[in-house]
Amino acid sequence: MYERYDPKKVELKWQKYWAEKNIFKTEPDASKKKFYCLEMFPYPSGKIHMGHVRNYAIGDVIARYKRMRGFNVIHPMGWDAFGMPAENAAIKEGIHPAKWTYENITYMKKQLNQLGLSYDWDREVTTCSPDYYKWNQWFFLKMYEKGIAYRKSSFVNWCPSCMTVLANEQVIDNGCWRCDTAVIKKELEQWFFRITHYAKDLLKACDELKGWPEKVILMQKNWIGKSEGLEADFKVAGRDERIRIFTTRADTLFGATFVCLAPTHPLSEKLVVDKEALKKVKEHYGKEDEKIGLFTGHYATNPANDEKIPIYIANFVLMEYGTGAIMSVPAHDQRDFEFAKKYNLPIRVVIEPEQKSKLTEAYEDEGILVDSNSFSKLRSDVARIEIAKHIEKKGLGKRVINYKLRDWGISRQRYWGTPIPIIYCEKCGVVPVPEQELPVILPEDVKFTGTGGSPLAESEKFVNTICPKCKGKARRETDTMDTFVDSSWYFIAYCVDNGKINFQSLTPNPQSPISYWMPVDQYVGGVEHAVLHLLYSRFFTRVIKDLGIINSPEPFTNLLTQGMVCKETLKCPEHGWLLPEDVKDEKCIKCGKAVDIGRVEKMSKSKKNVIDPDHLINRYGADTSRLFSLFAAPPERDLEWSDQGVEGAYRFLNRIWGLLYKNKFKIQNSKFKIEELSSYQPSAVRLLRKTHQTIKRVTNDMEREYHFNTAIAALMELVNDLCSFEPKSDDDWKVFRFGIEALLLLLSPFSPHISEELWESIGNKKGILEQKWPLWDENIAKEEEIELVIQINGKVKAKIMIAAGQADDEVRGKALGEPRIQEIIKGKTLKKVFIVKGKLVNIVI
RNA sequence: GCCGGAGUGGCGGAAUUGGUAGACGCAAGGGACUUAAAAUCCCUCGUCCCCAAAGGGCGUGCCGGUUCAAAUCCGGCCUCCGGCACCA
């Protein structure tokens, strides 16, 4: 042990030690309770950022803590390795996406190990490896068999200049990210997963997710978006067709003055003669700018009152929701109101608001019905049901439940993703790739130009194939899968050792490691995945359960969504956003101009308000970096970066180091055994009590939703007491050693390297990772004396020390007898005295 | 617009069930050590009244209420953050 704390030396030593002993390797063990601790795996973008440091520090504390509590902990890590940045790098710099990705993984893996994270790397998965994406394809085929995967036509963002499909994040202000050309919607045949098949169950099961933050459940519920309503048929006058509409406001049915179809509705094409005009409306489809309509020249019959009302095509009506057609009630729907104003359509009030006013906007609230035949004078909520029943009775509709949730479009016109295992044969049509031919491997001979259609379409070798059915000429599907597919089941892949996934042989098998490890007990990650990733994972887990591979439909029992890492932004009037190191004394180091200090916001490369974890680890080490990010705020809240805060954490570890260095020989020679407390000096008793209290506080803070910040504060208090304790006798040294050992054990999940080093330095042979979490003794932790607060009329007037556990009468007597209290209550009548045990007396006069 | 969440010292945050507001850390000020600086150690630190002490007033976004007692419960508002947003 050196005099000076040198984090680099210490951390390297223990990282090596853990790796050599393969100490984080885990196997299923039916005799032990398992604990699955998981953090969201990163996209290998190049380097880790502070968000990763925080995320993985939180997960690692939990994993190490649970391990010390005796759980068989599985704590895996991997790489979400498919995605656009790799392809962008290929377009810009000519590096092959695979090379770029694997190089990044190598570097980032080194960084993660430098943080001292307790991963079982034997379970590592890399989603861009054929061993992994083979199973994406396998799941796809299984879903195709069950009708969960299907093909339909749908719209994508298209840049007419680059001649390429754009992802949503490549569309900036409705323009292409590369050339600014206005993006248009283009219709393509694409593959979908029928997540809507599980909509009802996904929604209902939200209430069972007791270990999830309320906020996330709410977001999921809103996303699924259940709404009850009525589907009703409007017959097209003079034709055989009917228009089926969906409404949640059947009570306004008598107020419908026109009907609107989505431009992509099958009937639109049939009813509209002027195809050019229809095309124009289509171009504005789904855009939020302006309401655009087109009169079809046809009329429809309102099933409630047989009135004939005009049929319009409207750009704001979505084919994806409901039936793709609506009845328009301009008096009671703001969108219809705007449309009616623009096209001069009648507005008919059928719900009377409480106070009448001029109709400058739609009245969307509930009220009493008017002008609605026999339903007039009914309240909205009643009428809604009565009118729906009436329509049902006439056989012109039915009550239905609709969900906002759409089927998941998984086709991407990109290279760096999982090829969709489908073959198109001129004779046999759509033919799935036979299971035994998986994986369909990404070809290498592809040029990355950033223009044109799907990059895979350029590879002749890939595209041209033989139909598995008729052996005739056929073409492969050239789209790849959305990368969210990869991350929807990776947590199941981890359960299989060495990444040797073979779901076929595991199906169905209750003895499989998957049954042992799943579900994830604690999932930790950013709240930005509250909807998509988490919902897709829930969907996939259901599909996999239906395949018999897994028992539970829910993947994650407990979820912790950590807050963002934030820092103030710095901007130079001349040089724009500045990195923290480009600023000295609030001035730009390039031009010396005063720097604008902006508000605290999420660290982002674009605003340069970032701290590079490499610098941090270099200067302070992993233990300090971890400790700071865990101490500065509770995990679920945003964390504001503070350089001084990091210094503080570093100082704390240095103090502990110094304390042990100074006393290590004495500590080494003191073997602690619980003796009679009465033989100890009062100061030693106090320290022993503080130690037990600290064990209790830290343990409770860990159990109580992982409040690491207060747990660390408790450790700081213990260190303060240890530092001011001056051991003299052998007993003192024993108590001191006990305090030090407890401190190191409790600190080890947060700052594992220094804890191991100091643990060893006081003569312990077995590593701290093999120790049990310490237990406290309630009798020793209990205070003998308590501070009693005496209030008069709710205001604190005195504080006295009294022995703990006294009867109320005695406490009351002591409070009233206190001179300062006597003085105040002299000559006054006591109305009442409240006693809060062990805490406070409130005298009301 | 709709749905959530949050507002506590100079700052990050604590206060677990309504019972001492401000734990712990940072910053700041003063002191010790040092030729000096850094590091370290000790003291002060919500605010106002008072020379000071003793003591007292005020204080958890704002206004009101319930209670012996409110950061905590209830009603109304303000600000900030997040999510959704033509979903019929």
Side-chain angles (χ1 to χ4, degrees), chain A residues 4 213-219 221-223 225 227 229-230 245-249 252 260 262 286-291 314-318 320-329 332-336 338-339 364 402-406 527-528 530-531 563-564 599-602 628 631-634 636-649 651-652 654-655 658 697 700-701 703-705 707 709-717 719-720 723-724 787-799 820 831-845:
Chain A
R4 215 176 57 85
E214 204 59 44
K215 167 170 98 167
V216 175
I217 292 175
L218 211 85
M219 281 163 75
K221 281 185 176 172
N222 290 341
W223 190 264
S227 60
L230 171 74
I245 61 98
F246 173 73
T247 180
T248 53
R249 290 298 299 271
T252 63
C260 288
K287 282 192 192 169
E288 283 198 33
D289 41 10
E290 199 187 347
K291 296 197 169 37
N315 70 322
F316 69 92
V317 178
L318 306 171
E320 290 80 17
Y321 184 73
T323 56
I326 59 165
M327 67 166 187
S328 288
V329 186
H332 305 294
D333 183 291
Q334 188 57 25
R335 294 157 298 179
D336 297 344
E338 285 164 28
F339 194 88
E364 294 186 330
N402 258 318
Y403 297 94
K404 268 201 302 206
L405 183 70
R406 309 283 162 76
V527 71
E528 64 272 21
V531 182
M564 298 178 296
R599 61 192 191 100
V600 175
E601 40 192 320
K602 181 182 177 173
F628 168 73
F631 176 63
E636 68 281 358
R637 251 206 265 183
D638 285 353
L639 180 147
E640 192 185 327
W641 191 259
S642 152
D643 291 330
Q644 287 103 333
V646 180
E647 288 281 350
R651 207 176 298 155
F652 171 66
N654 268 296
R655 272 186 95 192
R697 266 178 73 186
N700 288 344
D701 285 344
E703 294 296 328
R704 179 173 63 106
E705 293 178 55
H707 278 205
N709 56 330
T710 49
I712 294 167
L715 292 177
M716 288 173 168
E717 282 186 39
V719 169
N720 289 342
C723 284
S724 51
E787 189 186 48
L788 183 74
V789 171
I790 309 169
Q791 297 180 327
I792 294 197
N793 290 345
K795 293 203 183 259
V796 180
K797 292 291 166 182
K799 295 174 185 179
R820 168 100 193 99
K831 284 192 191 138
K832 201 162 165 98
V833 177
F834 293 87
I835 298 175
V836 182
K837 271 211 177 355
K839 277 198 171 148
L840 163 148
V841 175
N842 187 14
I843 301 160
V844 186
I845 54 172

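Reminder, nothing fancy here: chain letters follow the sequence lines and each chain counts from 1.
- Stretches of at least 3 consecutive Watson-Crick or G-U wobble pairs, with each checked distance under 3.5 Å, appear in RNA chain B as B:1-7 with B:78-84, B:10-12 with B:24-26, B:28-32 with B:40-44, B:46-49 with B:55-58, B:61-65 with B:73-77.
- Annotation: side chain of Asp336(A) is in contact with side chain of Ile326(A) (closest heavy-atom distance under 4.5 Å).
- Using a 4.0 Å heavy-atom distance criterion, Leu840(A) is classed as a base contact.
- Distance CG (Asp701(A)) to C1' (G13(B)): 13 Å, rounded to an integer number of Å.
- Closest to the side chain of Lys799(A), from the set A88(B), U20(B), A15(B), is U20(B).
- The shortest distance between side-chain heavy atoms of Arg655(A) and Cys723(A) falls below 4.5 Å.
- Contact annotation: the side chain of Trp641(A) approaches that of Phe628(A) to within less than 4.5 Å [non-hydrogen atoms, C-beta and beyond].
- The CD1 atom of Ile835(A) sits 16 Å away from the P atom of U20(B) (whole-angstrom rounding).
- Residues Pro634(A) and Gln644(A) both approach RNA chain B. Their nearest nucleotides, taken by heavy-atom distance, put Pro634(A) toward the 5′ side.
- A14(B) and A53(B) have their P atoms separated by 32 Å, given to the nearest Å.
- In the set A14(B), A23(B), U20(B), A14(B) carries the atom at the smallest distance from any side-chain atom of Asn709(A).
- Considering only side-chain N and O atoms, Arg655(A) lies under 4.0 angstrom from the phosphate OP1 or OP2 of C41(B).
- In this structure, Arg406(A) and Leu318(A) have side chains that are in contact, with non-hydrogen atoms separated by less than 4.5 Å.
- Distance check: Phe631(A) CZ to Thr710(A) OG1 gives 9.5 Å after rounding to the nearest 0.5 Å.
- Of the listed nucleotides (G12(B), A88(B), A21(B)), A88(B) has the atom at the smallest distance from the side chain of Phe246(A).
- Lys215(A) places its NZ atom 21 Å from the P atom of C2(B), with the value rounded to the nearest Å.
- Among the protein residues, Val844(A) comes within range of the sugar-phosphate backbone only, with heavy atoms under 4.0 Å from sugar or phosphate atoms but none that close to a base.
- Listed nucleotides C24(B), G19(B), A88(B) differ in distance to Val836(A); the shortest reach to its side chain belongs to G19(B).
- For Ser227(A), counting side-chain heavy atoms from C-beta on, the closest listed nucleotide (A88(B), A15(B), G12(B)) is A88(B).
- Put simply, CG on Asn842(A) is 12 Å from C1' on U20(B), counting in whole angstrom units.
- Across all strands shown, Glu787(A) has heavy atoms under 4.0 Å from base atoms, whether or not it also approaches the sugar-phosphate.
- If you take atom P in A28(B) and the same atom in G83(B), they sit 36 Å apart, rounded to whole Å.
- Contact annotation: Arg704(A) side-chain N/O to A15(B) OP1/OP2 distance is under 4.0 Å.
- Here Asn654(A) does not reach the OP1 or OP2 of U40(B): none of its side-chain N or O atoms lies under 4.0 Å away.
- Among the nucleotides A88(B), A21(B), C24(B), the one closest to any side-chain atom of Tyr321(A) is A88(B).
- A distance of about 33 Å separates the P atoms of C73(B) and A88(B), rounded to the whole Å.
- More than 12 non-hydrogen atoms from other residues, nucleotides or ligands lie less than 6.0 angstrom from CD of Glu647(A).
- Between Asn720(A) and G25(B) there is a side-chain polar atom (N or O) within less than 4.0 angstrom of OP1 or OP2.
- Nucleotide G13(B) holds its P atom 20 Å from the CZ atom of Phe652(A), rounded to whole Å.
- Side-chain proximity of Ile326(A) to G83(B), A88(B), G19(B): nearest is A88(B).
- In this structure, Phe628(A) places its CZ atom 10 Å from C1' of C26(B), rounding to the nearest Å.
- Taking atom P on both C26(B) and C84(B), the two are 39 Å apart, rounded to the nearest angstrom.
- Glycosidic conformation at G83(B) (O4'-C1'-N9-C4 for purines, O4'-C1'-N1-C2 for pyrimidines): anti, more than 90° from 0.
- The side chain of Ser642(A) contributes no N or O atom lying less than 4.0 Å from OP1 or OP2 of C11(B).
- Separating the OG1 atom in Thr323(A) from the CG atom in Asn402(A) is a distance of 8.0 Å, to the nearest 0.5 Å.
- An OP1 or OP2 oxygen of G56(B) is reached within less than 4.0 angstrom by a side-chain nitrogen or oxygen of Arg820(A).
- Side-chain N/O atoms of Lys795(A) include one lying less than 4.0 angstrom from OP1 or OP2 on C58(B).
- Distance check: Thr252(A) OG1 to Glu364(A) CD gives 10.5 Å after rounding to the nearest 0.5 Å.
- Counting any heavy atom pair closer than 4.0 Å across all strands shown, Gly648(A) reaches sugar-phosphate atoms only and no base atom.
- Only the C1' atoms considered, C2(B) is 45 Å distant from G57(B), to the nearest whole Å.
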Contacts under 3.5 Å, N or O only, protein and nucleotides 48-50 of chain B:
none

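- For Ala632(A), the side-chain atoms get nearest to G12(B) when compared with the rest of G12(B), A14(B), C68(B).
- Note: Leu715(A) CG to Asn720(A) CG = 11.0 Å, rounded to the nearest 0.5 Å.
- No engagement by Asn402(A) is indicated, since no non-hydrogen atom pair under 4.0 Å with the nucleic acid exists.
- Listed nucleotides: G4(B), U20(B), G13(B). Nearest to the side chain of Leu218(A): G4(B).
- One can place CD of Gln334(A) at 15 Å from P of A88(B), the figure rounded to the nearest angstrom.
- Cation-pi geometry between Lys291(A) and Phe316(A) is met: under 6.0 angstrom from the ring centre, within 45 degrees of the axis.
- Counting heavy atoms from C-beta outward, Ile790(A) and Arg820(A) have side chains that stay 4.5 Å or more apart.
- Between Arg651(A) and U40(B), a side-chain N or O to OP1/OP2 separation shorter than 4.0 Å is present.
- Side-chain N/O atoms of Lys797(A) include one lying less than 4.0 angstrom from OP1 or OP2 on G56(B).
- Residue contacts for Val317(A): at a heavy-atom cut-off of 4.0 Å it reaches a base atom on one of the strands shown.
- Among the heavy atoms of the strands, none lies under 4.0 Å from Lys832(A).
- Ser328(A) contributes atom OG, which lies 7.0 Å from atom CZ of Phe339(A) (distance to the nearest 0.5 angstrom).
- Of the listed nucleotides (A23(B), A14(B), U20(B)), U20(B) has the atom at the smallest distance from the side chain of Gln791(A).
- Going from atom CD of Glu717(A) over to atom P of A15(B) covers 12 Å, rounded to whole Å.
- Two residues, Gly225(A) and Phe834(A), neighbour RNA chain B, and the one matched to the more 5' nucleotide by heavy-atom proximity is Phe834(A).
- Taking a 6.0 Å sphere around NZ of Lys839(A), one finds it holds 12 or fewer heavy atoms contributed by other residues, nucleotides or ligands.
- Atom NZ in Lys221(A) sits 15.0 Å away from atom CG in Leu405(A) (nearest 0.5 Å).
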